[in-house]
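Contents: one structure, followed by commentary.
Bear in mind the structure is a predicted one, so any value in this text is a computation, not a measurement.
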Amino acid sequence: MSCDPVWAEGCRLAEQRLTPSEYKAWIDCLTPRVIRSDVAVIDVPTNPMKEWIADRYSALLEQCLSQASGRAMAVRFAVPDPGNGTEPIPGEPPPSSADTPLDGLRLQLVAEQGSIDPRFRFDNFVVGACNQFAHAAAFAVGNRHVRGYNPFFIYGNVGLGKTHLLNAVGNFVLSRKPTARVRYVTSEAFTNELIGAIRSDRHEEFRAMYRSVDLLLIDDIQLIAKLERTQEEFFYTFNSLYQAQRQIVVTSDRFPKDIPELDDRLRSRFEWGLIADMQAPDLETRVAILTRKSESESLALPDEATLFLATHIRSNIRELEGSLNRVCAYASLTTQPITIELIRKVLRETLRDPDTPITLDDIQKTVAKAFDVRVSDLRSNRKLRTLTVPRQVAMYLCRRLTSSSFPHIGDQFGKDHSTVIHAVRRIERQLEDDADFRARIERIVSELEEAR
């Protein structure tokens, strides 16, 4: 029956309405067993897949097969009996698989679909002081121990493990309930899918797909900040899921209040639930990460080499693991043992001296980035509040983190020393009174210290 013309044409129509990876993962694996005048019985490899496909693609297949045959057709899914090849009665409820483990095939298919990455799990996430709270909260969300963590907002600089935690939540939920409707997507992909849906007049299908999930995982939400239509669509999707008590987890590279041009309605909703930050890993955590990776990949990494790498690669986990990969690849190709001398040679353009001082220029650049302004704005005479606050913050940090005098700091901003003194005192007062502002300044300090 695999060459049945109705089935072949129906598959062709379905392929036009799905992404290539989605079609390959969920439709191409199906086998038609019976095609009658008004019903199609389709074989699905496993019960978990049957429930997943029936829930998400039965309507699509019914539409496509009806169009292909020229008559209304219903679709029924069946799982062949591995013993005798007979089919169960179409439409009979299968045994519940809600509590069965997520098998390798399911993980592989999800990965092929471009959804949850099966490599990122809680059991291979290295926990340290820098991410302990975010990890605990993510595990609680995945385990559904709490209801008040919705939405769950994770923020931190690049390469600190936000995407790992996001996928770990999805994998954990699916491991406990394979039929759960989980969708992971980057904000860029969300935007592209929305544009495609508008262009092909499939807006309602797009909405139905996102508003029917049990768990929505959105990565890098800050990228939609300047996209009005995308923000509007996500706002209504958020409301629909939240009102239905469906879980939402998002990541960002900054705190909601620090995302410029983010719709105020979204900003307030992100603050409804739980917000957790992830900091750059401390030395002990970096050592643990390198040790875990070298053990999992059977890499011969001496303790002194591990400590050397962990001491000198401090900005983020991605750079740390990338540096380890470069060193190991070079050692393998040249058949040399991994030594500190070899690491220095391979990473000569990457290694930083941990005693390198923070400069006034470093502070200006980091503060400008944090407040989304230009360095030239900090040095200008413009008195807009959007510039005055970051300028005063930069002056305060120049005084706090360097040994520069008030007059020297003033020279770097085109101001006199009295202006710098006033700025420092004003920021110090605000730090005492405003916990959110204090946390924001400490994040900038951490970024400066880790980037040395």
Side-chain angles (χ1 to χ4, degrees), residues 155-159 187 220-228 230-231 252-268 270-271 277 279-280 314-316 352 356-452:
Y155 73 96
N157 288 331
V158 298
S187 59
D220 290 324
I221 197 66
Q222 77 279 355
L223 297 181
I224 73 170
K226 298 181 181 181
L227 307 174
E228 294 183 5
T230 302
Q231 289 193 75
S252 172
D253 65 357
R254 64 195 75 180
F255 193 76
K257 288 183 179 178
D258 296 338
I259 303 176
E261 299 186 51
L262 181 67
D263 191 308
D264 287 339
R265 299 176 301 176
L266 280 177
R267 182 179 287 108
S268 67
F270 290 153
E271 295 175 357
D277 71 323
Q279 300 291 336
R314 306 190 302 172
S315 58
N316 61 62
R352 299 184 179 93
T356 301
I358 297 173
T359 67
L360 303 188
D361 188 55
D362 292 335
I363 293 172
Q364 290 180 333
K365 289 179 180 178
T366 304
V367 171
K369 178 183 177 182
F371 284 88
D372 197 33
V373 299
R374 296 171 300 182
V375 172
S376 59
D377 292 329
L378 299 180
R379 298 170 178 169
S380 72
N381 291 320
R382 299 171 65 191
K383 297 183 179 181
L384 297 174
R385 176 170 174 76
T386 53
L387 301 180
T388 300
V389 173
R391 184 183 297 130
Q392 291 176 338
V393 167
M395 291 179 178
Y396 162 79
L397 292 177
C398 285
R399 182 62 178 173
R400 171 178 165 179
L401 301 177
T402 76
S403 58
S404 299
S405 65
F406 286 122
H408 180 63
I409 295 172
D411 289 341
Q412 301 302 306
F413 291 87
K415 304 290 187 293
D416 59 35
H417 74 283
S418 62
T419 301
V420 180
I421 294 173
H422 170 74
V424 170
R425 290 175 177 172
R426 182 165 186 175
I427 295 301
E428 287 176 341
R429 288 195 299 270
Q430 189 168 352
L431 289 172
E432 293 177 358
D433 300 333
D434 190 336
D436 289 340
F437 182 73
R438 185 165 59 250
R440 185 177 190 181
I441 299 305
E442 291 308 315
R443 289 196 299 272
I444 296 174
V445 172
S446 296
E447 183 176 348
L448 282 163
E449 291 178 341
E450 292 298 332
R452 283 192 296 176

Carefully, step by step, assess D436 and K257 under the rule salt bridge (Lys or Arg N to Asp or Glu O under 4.0 Å).
-> CA-CA 10 Å; D436 289 340; K257 288 183 179 178; 3.4 Å; yes
Considering all heavy atoms of both residues, which atom of [X] and which atom of [Y] are nearest to each other, and what is their separation?
| X | Y | value |
| --- | --- | --- |
| C398 | I363 | CA-CD1, 3.5 Å |
| L360 | S404 | CD2-OG, 3.7 Å |
| E271 | P256 | OE2-CB, 4.0 Å |
| S405 | R399 | CA-NH1, 3.8 Å |
| D220 | S187 | O-OG, 2.5 Å |
| Q222 | D253 | OE1-N, 3.3 Å |

Is atom CZ of R379 surrounded by more than 12 heavy atoms (other residues, nucleotides or ligands) closer than 6.0 Å?
-> yes
Would you say R374 has more than 12 foreign heavy atoms packed within less than 6.0 Å of its CZ?
-> no
[Y] and [X], any side-chain heavy atoms less than 4.5 Å apart:
| X | Y | value |
| --- | --- | --- |
| L262 | Q231 | yes |
| H422 | Q392 | yes |
| L387 | F371 | no |
| V393 | F437 | yes |
| Y155 | R443 | yes |
| I409 | V424 | no |
| I421 | R425 | yes |
| I259 | F270 | no |

NZ/NE/NH1/NH2 to OD/OE distance under 4.0 Å, K365 and D361 = yes
So does R440 pair up with D258, basic N to acidic O under 4.0 Å?
-> yes
Taking R391 for the side chain and R382 for the main chain, is one N or O donor matched with an acceptor at less than 3.5 Å?
-> yes
Give, for atom [atom1] of [X] and atom [atom2] of [Y], the distance between the pair rounded to the nearest 0.5 Å.
| X | Y | atom1 | atom2 | value |
| --- | --- | --- | --- | --- |
| D362 | L397 | CG | CG | 12.0 Å |
| L448 | T366 | CG | OG1 | 4.0 Å |
| N157 | Q279 | CG | CD | 8.0 Å |

How far apart are the C-alpha atoms of T386 and V373, what are their side-chain angles, what is the distance that settles it, and do they pass the side chain to side chain contact (heavy atoms under 4.5 Å, CB included) test?
-> CA-CA 8 Å; T386 53; V373 299; 5.6 Å; no
Kindly determine whether R400 and E442 satisfy salt bridge (Lys or Arg N to Asp or Glu O under 4.0 Å), including the steps that lead there.
-> CA-CA 12 Å; R400 171 178 165 179; E442 291 308 315; 3.1 Å; yes
Could you walk me through whether N381 and K415 pass side chain to side chain contact (heavy atoms under 4.5 Å, CB included), step by step?
-> CA-CA 9 Å; N381 291 320; K415 304 290 187 293; 3.4 Å; yes
Full working for side-chain hydrogen bond (donor to acceptor under 3.5 Å, both in side chains) between T419 and D416 | CA-CA 6 Å; T419 301; D416 59 35; 3.0 Å; yes
